[in-house]
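Worksheet: the structure to be examined is printed underneath.
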Amino acid sequence: MKFPISDQIRSVQCAPISEVKSWLAHREPDPERPLVDLCQAVPDYPPARQLTDYLAALLDDPLVSKYSPDEGLPEVREGVCARYGRVYGAAMNPDQLCLTIGASQAFWLAMVTLCRAGDEVIVPLPAYFDHPMALDILGIRPVYLPFDEERGGVPDPVAVERLITPRTRAILLVTPSNPTGVVTPPETIQELHGLARRRGIALVLDETYADFIPGGERPHDLFQDPRWGDHLIHLMSFGKTYALTGYRAGCLAASKEFIGHALKAQDTMAVCQPRITQHAVLYGVSHLDGWVEENRLMMTRRHDLFRSLFTRPGNPFSLVASGTFFAWVRHPLQEGTGREAARRLAVEAGIICLPGEVFGPGLESYLRLAFGNIRDEAIPGAVERFRSFAP
């Protein structure tokens, strides 16, 4: 290459999951010790058969191959609004929604609508790695709230307020957290929303894993306020909910005014969510509440079994925090980084997971484990590999 590229993108870390999987490029399959994938949070179960049958019947319709309105088909957005009503008691209408290419594009759309280069967003640590990567590429400064192990990663609103400056445009909160799995309590979410309102900024709430909260509790009541869009921007993914990660099924919810401006970027960025994805989302939100509940219970059982075995005495790794999809653990290498620990686990134990430092500065002592790809019957053997690891 004989031309320069952006210094901003040069400084951004490589995609962590691709990096970790590259460590095993030359690994020979071992039937006696198959690879345990705790790296990527992808459901290992397929979409509901009735959903795929429904989509198959649509493929002969030429409209399915066409653009839709940038914000998405009206009937799909109406169906999504109805689901927000069931899950959150939301006062929402279709003008407050834009269907997106996954929650990641919803985040980009929110940030380019909300911020200019040089603005700041408060990001609690550990952070979902794609968020700081995107902010760095856009020239938006992530201001990190340090990880507080004693609080289990639940942000302290008082500490958040200390980080607000005249350049702050938003507080970012991911709950349930990726990477810790921790669910931020509704009262803390309410406090952070009140702080955003008081300081004239936005609370950007990413609830990609909200459908896996143990007990199926309502995550918060913010949407019950008719003026919720004044200081709330909501990011959602249906990829995990309906096992449609490859369909890239996300949405952005905000005030009608915010969505109107976001659609300027949407038209230049993606135009619209694919119609086939929109039909999948509409079928899911209309027919699959029971199926979603069954999978939430299954993922909760996986997590609970893993946690019960992992926390027995004698494990050199210690569990710091966890939730249905994730565990955040401290590795036993006294002088080593998360990358060193993760690489050794991959090469020596046949377990792939993510090093803590990809989730933000100062997190070299940790690893993220994801439970999307591990069945109940494989969990005891996987835990035993951690327990037998020799630091």
Side-chain angles (χ1 to χ4, degrees), residues 16-17 19-45 126 147 149-153 176-183 209 212 214 297-359 362-391:
I17 291 171
E19 178 190 354
V20 169
K21 291 189 174 181
S22 73
W23 298 341
L24 298 176
H26 303 294
R27 181 182 188 266
E28 295 293 332
D30 184 354
E32 300 296 319
R33 207 176 203 198
L35 183 69
V36 175
D37 185 353
L38 301 176
C39 187
Q40 193 167 17
V42 177
D44 63 351
Y45 47 87
F147 175 57
E149 198 167 295
E150 290 186 3
R151 290 179 61 89
S177 167
N178 176 3
T180 68
V182 168
V183 179
Y209 297 93
F212 297 93
L297 293 171
M298 179 189 68
M299 289 301 302
T300 299
R301 286 194 302 270
R302 286 186 191 182
H303 163 263
D304 291 350
L305 174 59
F306 191 97
R307 182 185 178 98
S308 68
L309 297 174
F310 196 87
T311 55
R312 288 179 180 174
N315 191 346
F317 296 82
S318 57
L319 185 70
V320 175
S322 67
T324 303
F325 244 91
F326 301 108
W328 185 245
V329 305
R330 183 180 285 275
H331 66 73
L333 302 187
Q334 294 300 317
E335 304 297 328
T337 65
R339 270 190 175 82
E340 291 174 63
R343 185 186 287 272
R344 282 191 56 191
L345 278 169
V347 174
E348 298 172 20
I351 292 175
I352 55 173
C353 59
L354 288 180
E357 54 262 42
V358 306
F359 298 98
L363 299 172
E364 292 82 1
S365 299
Y366 302 98
L367 300 171
R368 187 198 80 174
L369 315 181
F371 303 130
N373 286 303
I374 187 166
R375 302 284 178 96
D376 291 21
E377 61 270 18
I379 289 174
V383 172
E384 189 52 41
R385 296 191 202 185
F386 283 99
R387 300 180 68 84
S388 60
F389 182 84

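Taking the centre of each ring, Phe147 and Tyr366 come in below the 6.0 Å mark.
For His331 (side chain) and Glu364 (main-chain N/O), a donor-acceptor pair under 3.5 Å exists by modelled atom type. At distances below 3.5 Å, at least one donor-acceptor pair connects side-chain atoms of Arg387 with backbone N or O atoms of Pro313. Listed for the Glu348 side chain is no donor-acceptor partner under 3.5 Å among the backbone atoms of Phe389. Checking side-chain atoms of Arg368 against main-chain N and O of Leu354 turns up no donor-acceptor pair under 3.5 Å.
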Query - Evaluation steps, side-chain contact (heavy atoms from CB on, under 4.5 Å), between Arg302 and Arg375 - result: CA-CA 7 Å; Arg302 286 186 191 182; Arg375 302 284 178 96; 3.5 Å; yes
Report task. Might you work through the side-chain contact (heavy atoms from CB on, under 4.5 Å) test for Arg312 and Val383, ending with a clear yes or no? Result -> CA-CA 10 Å; Arg312 288 179 180 174; Val383 172; over 6 Å; no
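For the atom pair Ile17 CD1 and Glu19 CD, the distance stands at 11.0 Å (nearest 0.5 Å). Going from atom OG1 of Thr324 over to atom CZ of Arg307 covers 11.0 Å, rounded to the nearest 0.5 Å. Annotation: the span from Tyr45 atom OH to Met298 atom CE amounts to 5.0 Å, rounded to 0.5 Å.
The aromatic rings of Phe306 and Phe310 lie parallel to each other, with less than 30° between the two planes, well short of the 60° mark. Relative ring orientation between Tyr209 and Phe325 is described as tilted, the plane-to-plane angle lying within the 30° to 60° band.
Between Phe326 and Pro179 there is no side-chain heavy-atom pair separated by less than 4.5 Å. Residues Leu367 and Phe317 meet the side-chain proximity criterion, which asks for heavy atoms closer than 4.5 Å. Residues Gln40 and Ile352 have side chains not in contact (no heavy-atom distance under 4.5 Å, counting atoms from C-beta outward).
Annotation for Pro380 and Leu309: closest pair CA-CD1, 3.8 Å, computed over non-hydrogen atoms. Taking every heavy atom of both residues into account, Leu369 and Val329 meet most closely at CD1-CG1, 4.0 Å.
Within a 6.0 Å radius of CD in Gln334, other residues, nucleotides and ligands contribute 12 heavy atoms or fewer.
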